Amino acid sequence: MARRKQREAEPEEEPQMNMSSMMDACFLLLIYFIVATSLVSEKRLSVSLPGGESTGGTPPPLEPGRIKIEANGSVYWNGDMAMAGPMDPTLKPRTPEYREQRQMGELVEALKNLAEAAKAADTTPIVMVEGATATPHQRIVDVMAALSEAGITTVGLNTAAQE
């Protein structure tokens with residue numbers, strides 16, 4: 001009988017993972033997202049913080065205009081003059097009635113008069129917009145559009161106090 005020599009088992013190597021294909025996939029995804037992302041340049045807003053510039057302590061010669069927007073969507077100019085009635089929430093967008101409800105012709109005229117008075121006084125027209133906490137956002141957008149149409153760029157926003 002022949003004796004067989006037992007062979008020693010070769011030590012097993014540690015399993016290794018080839019990472020080159022994963023790195024290739026990551027780089028391809030990176031390139032895809034860089035190319036596919038649309039770069040949007042946002043419009044810069046100039047913001048004047050209170051107390052930033054000294055005005056010499058003299059009050060402006062022209063009182064700022066005040067727009068109050070109530071929770072039902074009614075718009076008032078300088079506290080008493082109604083410029084727009086309440087919004088009807090049952091109206092559907094893209095209907096003539098809805099577009100008519102959003103028109104702010106009287107407010108635009110009042111704002112243009114303020115802008116002309118400010119130009120005559122050689123000052124900047126200032127408007128304070130005060131809205132209730134439950135004011136419809138669309139009505140605030142309508143007022144901002146009216147301000148833009150009148151050419152007024154100095155606007156302060158305020159939330160009405162709870163009554």
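Atoms considered below: every heavy atom in the structure, side chains included; atoms not considered: hydrogens, waters and symmetry mates. Quick caveat, the model's predicted, so the values are computed rather than measured.
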Could you list the donor-acceptor pairs under 3.5 angstrom formed between side-chain atoms of residues 104-121 and any protein atom two or more places apart in sequence or on another chain?
{"residue": "N113", "atom": "ND2", "partner": "E109", "partner atom": "O", "Å": "3.4"}

Throw together a table of side-chain donor-acceptor distances under 3.5 angstrom for residues 136-156, partners on residues two or more places apart or in other chains.
{"residue": "Q138", "atom": "NE2", "partner": "D142", "partner atom": "OD1", "Å": "3.0"}
{"residue": "R139", "atom": "NE", "partner": "G73", "partner atom": "O", "Å": "2.8"}
{"residue": "R139", "atom": "NH1", "partner": "Q101", "partner atom": "O", "Å": "3.3"}
{"residue": "R139", "atom": "NH2", "partner": "G85", "partner atom": "O", "Å": "3.1"}
{"residue": "D142", "atom": "OD1", "partner": "R102", "partner atom": "NE", "Å": "2.8"}
{"residue": "D142", "atom": "OD1", "partner": "R102", "partner atom": "NH2", "Å": "2.9"}
{"residue": "D142", "atom": "OD2", "partner": "R102", "partner atom": "NE", "Å": "3.4"}

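Contact between G131 and T135 at its shortest, heavy atoms only, is C-OG1, 3.7 Å.
Here the side chains of I67 and W77 are in contact, with some heavy-atom distance below 4.5 Å.
Partners of M17 under the side chain to side chain contact (heavy atoms under 4.5 Å, CB included) rule, at least two apart in sequence or in another chain, are M19.
Within 6.0 Å of CG on D122 lie no more than 12 heavy atoms contributed by other residues, nucleotides or ligands.
Between atom CG of residue N158 and atom CE of residue M128 there is a gap of 5.5 Å, rounded to the nearest 0.5 Å. Atom CZ of R66 and atom CG of N78 lie 8.0 Å apart (nearest 0.5 Å).
Counting only distance, with no hydrogens or angles, the side chain of T37 and the backbone of F33 share a donor-acceptor pair below 3.5 Å.
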